[in-house]
Amino acid sequence: MKSRIVYVIAAALVVTAGCSSTTSESEDSEVSPVSCISTTVIDGAVNIATTVAPITSIIANIAGGTDATINGIVPEGTNSHTFEPKPSDAATLEQADVIFINGLVLEEPTKELALANLKDGAVICELGTQILPESEYIYDFSFPLEGGKPNPHLWTNPPMAKEYAAVARDLLSAINPTNAATFAANYEAFAAKVDALDAAMATATATIPQDQRKLLTYHDAYAYFAVHYGYTVIGAIQPSSFDEPTPKEIADLITQVRESGVLAVFGSEVFPSPVLEQIGAEAGVRYIDVLRDDDLVGEPGDAEHSWLGLMRFNYVTMVEALGGDASALKTVDVSDVTKDNATYPQ
Ligand SMILES: [Zn+2]
């Protein structure tokens with residue numbers, strides 16, 4: 001009965017994936033390799049590839065304690081939105097039994113390279129695309145509807161990151177049933193930590209004056225987060241081209257910041273922005289340039305070099321800059337569930 005259900009779902013995926021997938025899929029392939037369902041079973045060590053570091057960390061938490069190998073592709077501190085994989089990344093991708101990517105059109109060049117080099121029976125699982133219906137995609141200034149690329153930053157929102165982890169648990173358990181109990185236990189432990197972080201962020205947010213729960217960021221990475229915690233995104237500055245905004249756009253933003261009464265505007269550590277600095281100075285508000293969306297804190301091996309550590313760092317930064325009390329966040333345990341043995345290119 002169970003295998004019949006899997007078959008039906010897989011057949012449905014072929015129909016929906018058929019119209020968008022034009023890349024290097026062989027004519028006679030029955031199931032799209034872009035799927036979070038696999039019929040391949042591996043008894044030995046599973047080889048996993050991932051894209052951005054926060055996703056690598058989430059996967060490392062779920063697969064930890066098994067003999068799986070995990071290789072990230074996108075180096076930390078690079079622009080993941082425009083990242084082009086190196087030809088040598090093909091070697092990593094062709095060895096992978098499963099490739100976890102964010103999806104929502106974030107990593108198309110890497111996805112194409114993966115499709116062109118995919119091992120027989122391997123799948124590419126788009127975590128974000130898997131958990132979020134298209135009707136809930138957010139489009140905005142930096143990710144306009146006409147550009148065809150929705151805002152892909154689901155992972156900065158804890159409940160969505162937890163859903164990524166659940167998808168990974170289910171897919172890894174199907175591929176490597178020998179370790180299903182480990183994946184399940186890891187997920188339970190990780191989910192508890194995510195829930196604790198989520199609750200602490202809600203507590204900390206409540207200490208920010210209501211009229212200060214506003215975000216003006218350079219890189220537009222907090223759209224889904226803002227909905228979840230009740231912040232208003234009053235603007236994001238980085239245009240969809242990843243160029244600097246025009247003088248007119250800058251002047252409008254300065255007016256907007258003055259009128260909003262916010263205490264701080266937030267830059268990105270990955271995208272240093274003289275423009276945001278100028279907006280902050282001219283509008284008379286603090287400019288905080290340390291937020292990160294896909295560059296983990298510290299170096300691989302450091303205690304806070306993890307999705308949990310990254311999110312806590314960002315949340316503490318925001319809460320304190322907006323006049324709140326971040327002490328609830330500071331006591332949250334951000335250690336990984338198990339030792340993180342993933343490879344994070346730098
Ligand atoms: Zn980003």
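First listed ligand is number 1; within each ligand, the first listed atom is number 1. The chain is numbered in sequence order, starting from 1.
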>> Below 2.8 Å, which protein N, O or S atoms neighbour the Zn ion (ligand 1), ignoring water?
In response: H81 NE2, H153 NE2, H219 NE2, D293 OD2

>> Between R286 and E320, does any NZ, NE, NH1 or NH2 come within less than 4.0 Å of an OD or OE carboxylate oxygen?
In response: no

>> Ring-plane angle category for Y137 and Y139, please: parallel below 30°, perpendicular beyond 60°, tilted otherwise.
In response: tilted

> More than 12 heavy atoms of other residues, nucleotides or ligands under 6.0 Å from CD of E108: is that the case?
Replying inline: yes

> Parallel, tilted or perpendicular: which fits the ring planes of F242 and H219, with parallel below 30° and perpendicular above 60°?
Replying inline: tilted

> When the ring planes of H81 and H153 are compared, do they come out parallel, tilted or perpendicular, using 30° and 60° as the limits?
Replying inline: tilted

>> Working note: F100 + Y164, criterion ring-ring contact (aromatic ring centres under 6.0 Å, His included); need CA distance, chi angles, decisive distance, verdict.
In response: CA-CA 10 Å; F100 289 104; Y164 281 22; 9.7 Å; no

